[in-house]
Each structure stands twice: as C-alpha cells, then as structure tokens.
Amino acid sequence: MSDKLVNGTCNTNGDVSNNKCNGTGKEIRVWCDGCYDMVHFGHANSLRQAKALGDKVIVGIHTDEEITKHKGPPVFTEEERVKMVKGIKWVDEVVLGAPYVTTLEVLDQNNCDFCVHGDDITMTAEGVDTYHLVKSANRYKEVKRTAGVSTTDLVGRMLLLTRNHFRQGSAEYDIEKEGSSNMGQDSSAKSPWTGCSQFLPTTQKIIQFSDGKSPNPNDKIVYVAGAFDLFHVGHLDFLEKASKLGDYLIVGLHTDPVVNSYKGSNYPIMNLHERVLSVLACKFVNEVVIGAPYCVTEELLDHFKIDIVCHGRTPIAMEDGKIDPYAVPKTRAIFELLDSGNEMTTERIVERIISHRLEYERRNQAKEKKEIEAFEALQRQKQTQKAG
C-alpha cells in the first residue's frame, strides 16, 4: 500500500520505507513535537507514520518547565526523554526546548516542511490548540493515533498496583469496575483520547514495526531475554551495549504468566503484544522472539545460530527455584553479564508514579476535562457545518 493524503490526513498503513506524500525530489523534513514522557509504542507508531511522509523526522521535545506549566510534572527527566526518543528507529534528529505551541518559526529554524501529529487534541493550560498556528498556515498533517495506549493509561495501570488488583480466571476483567483514579482505564474516563480502549494487535502492525531483515551468513548473533516491561532508558542502554557485541541482536520476550511468576504483583504492566512493539521500535533491535522460553535451550541457540547470550546486572530468578535459565549458554561458554551503566528499572518507574500519585491524578483529571470540552466543541462545530 502507498501512503495517501486525504483532507490533510495521511493514511500510513502500509510499508513505510519508501512511501512519501510529496513527489518532489527535495528532501522532505518532518517536524514532530511533544512531551514524550513515558515513551511507548503509540509514540513510536506516530513517528513511524511521520517518517512515511518524508525523508527525515525531527522531533522537538518540551522542557520539564513547559510540561509542568501546561500539563503537570513529567514522570521522566529531559535527559531521559531525549534518550528514549533518540532510541526510536524512525527518528533522525532530536531538538530539546521545543515550544509548547508549535510555531512557523520553529519549523523554519529546523528546515522542516510541515508538522505531524496524531488525531487527538493537545492544548495549553489556557485551553488553546497547540497546533493552531501551523494548521492555519497549512503546514500540518495528521496521522492516526494508536488506539489502546496512552501515557495516562499506563500511569493508571501503575497506580492500580497499590490496589492488589491482579486477578486471573473469571475475575480477570473486573479491574475496570474497580476504577483507576480517573487515569484512563476506568469506566469514568469519558475523554475519547484519555479514556483507553483495548489494544488490538495485528500481524500487520508487527510487520510495520519490524525491519524484516535476516542476519547475513557471517553475522555474529547476540541474544538477550526478559520482560522489557514499560520499555525505559535502562533497557535502551542495555540493548545498545548488547548490540555492540555482535552484528544482529535478537530479543526474547517472556509471556505475561512467566513474567508474573518472577515479578509478582500485577506485573507485567504492559502485555506481551504491547511489549513486542515497544522493543521492535528500538533502533538497536533486529528481531524479537515472541513468548521466548524462560530457560535458554539448546534448540533456541541452534535454531537462531546464536553466538553470545547476555543478561544485565538485575537478579536472575531460578526456574522452579532451582534451575538456572542460562545454564546451557554458560556450559557453551557464550554467556556474558552486561552492565548497562543505568540504574533505571521498571520497579523504579512505578515507585516514581506511586510517590507522586496525587499530583498525577490531578494532572490527568485536568487533562481529561479540557479534552472533553474540546471534543464537545468540535462536535458542535461539525453539526453546525452540516446544518449550514
């Protein structure tokens, strides 16, 4: 499929490698901006679609001060947010200090042809559409927002950790009735953008995120495995170091029940399908094994022709309390412990959220209120246009 521009909205459902909306020979530079707090596969998918519209994607990131003023305190620091965006495979340049309201000047300063954003509304503290200037100048294009995920929703899932909500069997879907402090998942979240629908994975989405390249015959193949839950800067630094040990990096992702068996509580925060896309969006990763065995087996090593197996400095849980999951690669003398140099863990992110619980609840309640007002105004405008 090729990408088509329809009424200012670009349909980028196909292979994004060579499709452009503009047929000129000039390099097309696309501007995207945002908070990029708790970067997830929804952000990555938006940037993937933006890349389909041009040759280079330049991402502007708001400062902590700007985010706090308009939205509330960010979960991650500027340095962490910049690093995460730089790690996404479709990003070419990152600019820190992007204004909260996107201006024509910022597009011109970065030699960008137009701005791209998802089809949700972003507003300032005063309720002003942050893209109204570039929209008026016809230098704005929309891509489809990824349904089923948002930073607000992820924060809500983490806050539910304090409610002992992890359930299985017939009670698995009772979480919604319990509520999540107006943080995206519960039934009281009425905003069409903050309220979160179920994420529905498809093979097409996996294909879009995958680079589709097989290793060359002489490539040194590196294998790592884990949960990679709430993909973060610690994961990113670890994968970058692992990728430098060879030519082709394969990441094995454990299933949700396996992750829960060694993490406990209601981990993983993100399900297997979500974690697959999060890892595939990383520029250091070549391939993902979906539902990899917890114990690295001879069959796995031989099938993928793995030369080296790595693990970080985090504790390794024994299978059934006694079996070393890395016994086989250790026997083959191809196992290596890697120090990412980064202390970030999924648990630390959850601790940050819970320690600032009331701040994040207030932030997201205010965000939802503004979104509802904007959505209702948009609906009234459409009705008026139809009536006219």
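Quick note: numbers below take in every heavy atom, side chains included, and nothing from hydrogens, waters or symmetry partners.
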Check this for me: does any side-chain nitrogen of one of K56 and E27 sit under 4.0 Å from a carboxylate oxygen of the other? yes
With rounding to the nearest 0.5 angstrom, report the OG to CG distance, S278 to N45. 11.0 Å
Keeping the roles fixed (side chain from N216, backbone from N218), state whether a donor-acceptor pair exists under 3.5 Å. no
Would a single hydrophobic cluster contain both I323 and V259, if residues Ile, Leu, Val, Met, Phe, Trp and Tyr are joined by side-chain heavy-atom contacts under 4.5 Å? no
L133 vs T102, test: side chain to side chain contact (heavy atoms under 4.5 Å, CB included). Steps then yes/no. CA-CA 7 Å; L133 296 173; T102 309; over 6 Å; no
Is the number of heavy atoms from other residues, nucleotides or ligands within 6.0 Å of NZ (K86) greater than 12? no
Any side-chain heavy-atom pair of F228 and H235 under 4.5 Å: yes
Linking I/L/V/M/F/W/Y whenever any side-chain heavy atoms sit under 4.5 Å apart, do V101 and L107 land together? no
Can E93 and R29 be counted as an ion pair, charged N to O under 4.0 angstrom? yes
Inspect the surroundings of NZ in K305 and state if more than 12 heavy atoms from other residues, nucleotides or ligands are less than 6.0 Å away. no
Would you please say whether a donor-acceptor pair under 3.5 Å links the side chains of D229 and T346? no
Quick one, V59 and V95 - any side-chain contact, counting heavy atoms below 4.5 Å? no
Taking the side chain from S210 and the backbone from I206, do they hold a donor-acceptor pair closer than 3.5 Å? no
Closest non-hydrogen atoms of F284 and L239, given as atom of the first, atom of the second and distance, are CB-O, 4.0 Å
Which atom pair, heavy atoms only, marks the closest approach of L253 to A227? CD2-O, 3.7 Å
Start with the C-alpha distance between I349 and I269, add both sets of side-chain angles, then the distance that settles side chain to side chain contact (heavy atoms under 4.5 Å, CB included), and finish with yes or no. CA-CA 11 Å; I349 297 172; I269 304 297; over 6 Å; no
With a 3.5 Å distance limit and no angle check, can you tell me whether H132 reaches the backbone of D129 through a side-chain donor-acceptor pair? yes
4.5 Å side-chain heavy-atom contact, N110 and V106: yes
Any chance you could measure L230, atom CG, to E347, atom CD, to the nearest 0.5 Å? 9.5 Å
Under 4.5 Å between any side-chain heavy atoms of L53 and I28, yes or no? no
Closer than 3.5 angstrom, by distance alone: can the side chain of N260 be matched with the main-chain N or O of Y267 as a donor-acceptor pair? yes
Compare all side-chain heavy atoms of C32 with those of L47 and state whether any distance is below 4.5 angstrom. yes
D256/K263 salt bridge by N-O under 4.0 Å criterion: no
Taking all atoms of both residues into account, what is the closest heavy-atom pair of A50 and V30, and its distance? O-CG2, 3.8 Å
Would one find more than 12 heavy atoms of other residues, nucleotides or ligands at under 6.0 Å from atom CG of D302? yes
Donor-acceptor contact below 3.5 Å, side chain H43 vs main chain H40: yes
In sequence, state the C-alpha distance, the side-chain angles, and the governing distance for C282 and L236, and then conclude on side chain to side chain contact (heavy atoms under 4.5 Å, CB included). CA-CA 8 Å; C282 175; L236 190 67; 3.7 Å; yes
Which atoms form the tightest heavy-atom contact between A225 and Y326, and what is the distance? O-OH, 3.8 Å
Within-4.5 Å side-chain heavy-atom neighbours: H117 and T130: no
What donor-acceptor contacts under 3.5 angstrom involve side-chain atoms of residues 306-320, with partners at least two apart or in another chain?
from : atom 1 : to   : atom 2 : distance (Å)
D307 : OD2    : I221 : N      : 2.8

Between L104 and A137 the two heavy atoms that sit nearest each other are CD2-CB, 3.5 Å
Is K71 close to Y100 at the side-chain level, that is, under 4.5 Å between some pair of heavy atoms? yes
With rounding to the nearest 0.5 angstrom, report the CZ to CZ distance, F41 to F231. 13.5 Å
Euclidean distance, I290 CD1 relative to R275 CZ, rounded to 0.5 Å: 10.5 Å
Any idea which heavy atoms bring G234 and H232 closest together, and the distance? N-ND1, 3.0 Å
Between Y294 and Y262 (judged by ring centroids, cut-off 6.0 Å), do the two rings come close enough to count as a pair? yes
Side-chain donor/acceptor pairs under 3.5 Å, residues 74-83, sequence neighbours excluded:
from : atom 1 : to   : atom 2 : distance (Å)
T77  : OG1    : E80  : N      : 3.2
T77  : OG1    : E80  : OE1    : 3.3
E78  : OE2    : D64  : N      : 3.0
E80  : OE1    : T77  : N      : 2.9
E80  : OE1    : R352 : NH1    : 3.1
E80  : OE2    : R352 : NH2    : 2.9
R81  : NE     : F76  : O      : 3.3
R81  : NH1    : C35  : O      : 2.8
R81  : NH1    : H62  : O      : 2.9
R81  : NH2    : H62  : O      : 3.0
R81  : NH2    : D64  : OD1    : 2.6
K83  : NZ     : D237 : OD1    : 3.3
K83  : NZ     : D237 : OD2    : 3.0

Within a strict 4.5 Å, meaning less than it, do heavy atoms of the Y131 and C115 side chains meet? yes
Atom pair CG/NZ of L338 and K244 - distance to nearest 0.5 Å: 11.5 Å
Per the side chain to side chain contact (heavy atoms under 4.5 Å, CB included) rule, which among V251, L245, V296 passes with V224? V251
Ring-ring centroid check Y140 W31, cutoff 6.0 Å: no
In Å and rounded to the nearest 0.5 Å, what is the OG to CD1 distance from S243 to I250? 13.5 Å
Does the pair K89/D211 count as a salt bridge with the N-to-O cut at 4.0 Å? no
Taking only Lys NZ, Arg NE, NH1 and NH2, and the carboxylate oxygens of Asp or Glu, determine whether K241 and D339 approach each other closer than 4.0 Å. no
Are I334 and V289 in one and the same hydrophobic cluster, where Ile, Leu, Val, Met, Phe, Trp and Tyr link if side-chain heavy atoms are under 4.5 Å apart? yes
Main chain of E274, side chain of N271: is a donor-acceptor contact present, judged purely on distance under 3.5 Å? yes
Is it true that D113 and R139 have a side-chain N and a carboxylate O under 4.0 angstrom from each other? no
Hydrophobic clustering (ILVMFWY, side-chain heavy atoms < 4.5 Å, transitive) - are L249 and L301 grouped together? no
What verdict does the side chain to side chain contact (heavy atoms under 4.5 Å, CB included) test give for V276 and L280, after you've listed the backbone C-alpha separation in whole Å, the side-chain angles of each residue and the deciding distance to 0.1 Å? CA-CA 6 Å; V276 166; L280 277 176; 3.8 Å; yes
Salt bridge flag under 4.0 Å for residues K26 and D55: no
Is it true that V288 and F304 fall in one hydrophobic cluster, defined by side-chain heavy atoms closer than 4.5 Å? no
